[in-house]
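To keep things clear, I will list the structure first and then write my remarks on it.
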Amino acid sequence: EQKKCIFVKIIIYITEFIYMAKKESTTSTSPGFFASLKAFIVDERTCFALGLVLLLCTLYLLLSMVSFFFTGDIDQSIVNASWYQLGEHSKDIQNWTGARGAYLAEILINRWFGVASFAMLWFGFVVSFRLMKIKIMALWKAFLFSALFLIWFSLFFAFFFAPFFENSFINLGGEHG
């Protein structure tokens, strides 16, 4: 009889547990779309993956911009064509990162801010490491440093070095300078 009593108590305990689980699952509401999205974005694994992707993109841009100094004159006529024509001439591109990298380096260096465009890469490095929980410097300082460096050095290189590079493929100050 004592074994029956223990068996009954176990069954009652299990049924109460199942009943409470069902009751909690029906009364609790599932989080909304935006709450789930926020939880996904704030998740440490998502931040690390985004930081890693941003780091790889920044390294790709760094490699394409460094390669631009060595292969930019060869790629100049091809890169000045439209984005859609790059696919036809992709095998003729000498840039280490291919046609896309040559085009991006051409835009960043010649059409935008010149050599000072490397400051954007610094900010990309700081943000990517911050997403991976590695603090190099404060984000506002990195942004301020990058923005000031980008604008002032673009003007500086254009003002002082433009006469020396008139017949060159490279525009040290970019079109901004």
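Taking NZ of Lys141 as the start and CZ of Phe123 as the end, the distance is 14.5 Å to the nearest 0.5 Å. Rounding to the nearest 0.5 angstrom, the gap separating the OG atom in Ser117 from the CG atom in Leu104 is 11.5 Å. In this structure, the separation between OG on Ser146 and CZ on Phe118 is 13.5 Å, given to the nearest 0.5 Å. With values rounded to the nearest 0.5 angstrom, Phe113 atom CZ is found 4.5 Å from Leu150 atom CG. Note that CG of Leu148 and CD1 of Ile151 are 6.5 Å apart. Values are rounded to the nearest 0.5 Å.
For the pair Leu61/Met120, no side-chain contact is recorded, criterion being any heavy-atom separation below 4.5 Å from C-beta on. Taking the side chain as every heavy atom from C-beta outward, Tyr60 and Thr97 approach each other to under 4.5 Å. Residues Phe48 and Lys133 form no side-chain contact, since every pair of their non-hydrogen atoms from C-beta on lies 4.5 Å or further apart. Looking at Gln94 and Phe70, their side chains never come closer than 4.5 Å, going by heavy atoms from C-beta outward.
Across all their heavy atoms, Met65 and Leu108 have their closest contact at SD-CD1, 3.7 Å. For the pair Ala105 and Phe68, the tightest heavy-atom approach, listed with the atom from each and the gap, is CB-CB, 3.7 Å. Closest heavy-atom contact between Ile93 and Ala102: CG2-CB, 3.9 Å. Nearest heavy-atom pair, Ala142 versus Val126, reported as atom, atom and distance to 0.1 Å: CB-CG1, 3.7 Å. Shortest non-hydrogen contact noted between Ser64 and Asn95 is O-ND2, 3.3 Å. When every heavy atom of Ala116 is checked against every heavy atom of Ser154, the shortest pair comes out as CB-N, 3.7 Å.
Between the side chain of Ser67 and the backbone N or O of Leu63 there is no donor-acceptor pair closer than 3.5 Å. Remark: the backbone N or O of Gly51 is not paired with any side-chain donor or acceptor of Arg130 at under 3.5 angstrom.
Listed by first and then second residue, the salt bridge (Lys or Arg N to Asp or Glu O under 4.0 Å) pairs involving residues 52-67 amount to none (not counting sequence neighbours).
Hydrophobic clustering (side-chain heavy atoms under 4.5 Å, transitive across Ile, Leu, Val, Met, Phe, Trp, Tyr) groups Leu144 together with Trp152. A continuous path of Ile, Leu, Val, Met, Phe, Trp and Tyr side chains, each step under 4.5 Å between heavy atoms, connects Leu62 with Leu52, placing both in one hydrophobic cluster. No single ILVMFWY cluster, assembled from side-chain heavy atoms under 4.5 Å apart, contains both Leu50 and Leu56. In the hydrophobic clustering of ILVMFWY residues, with side-chain heavy atoms under 4.5 Å counting as a link, Leu131 and Phe143 come out together. Cluster annotation: Phe69 is connected to Phe153 through the hydrophobic network of ILVMFWY side chains, with a link wherever side-chain heavy atoms come within less than 4.5 Å.
The ring of Phe149 has its center no closer than 6.0 angstrom to the ring center of Trp122.
The side-chain contact (heavy atoms from CB on, under 4.5 Å) search around Thr58 returns Leu54, Leu121, Phe125, not counting sequence neighbours.
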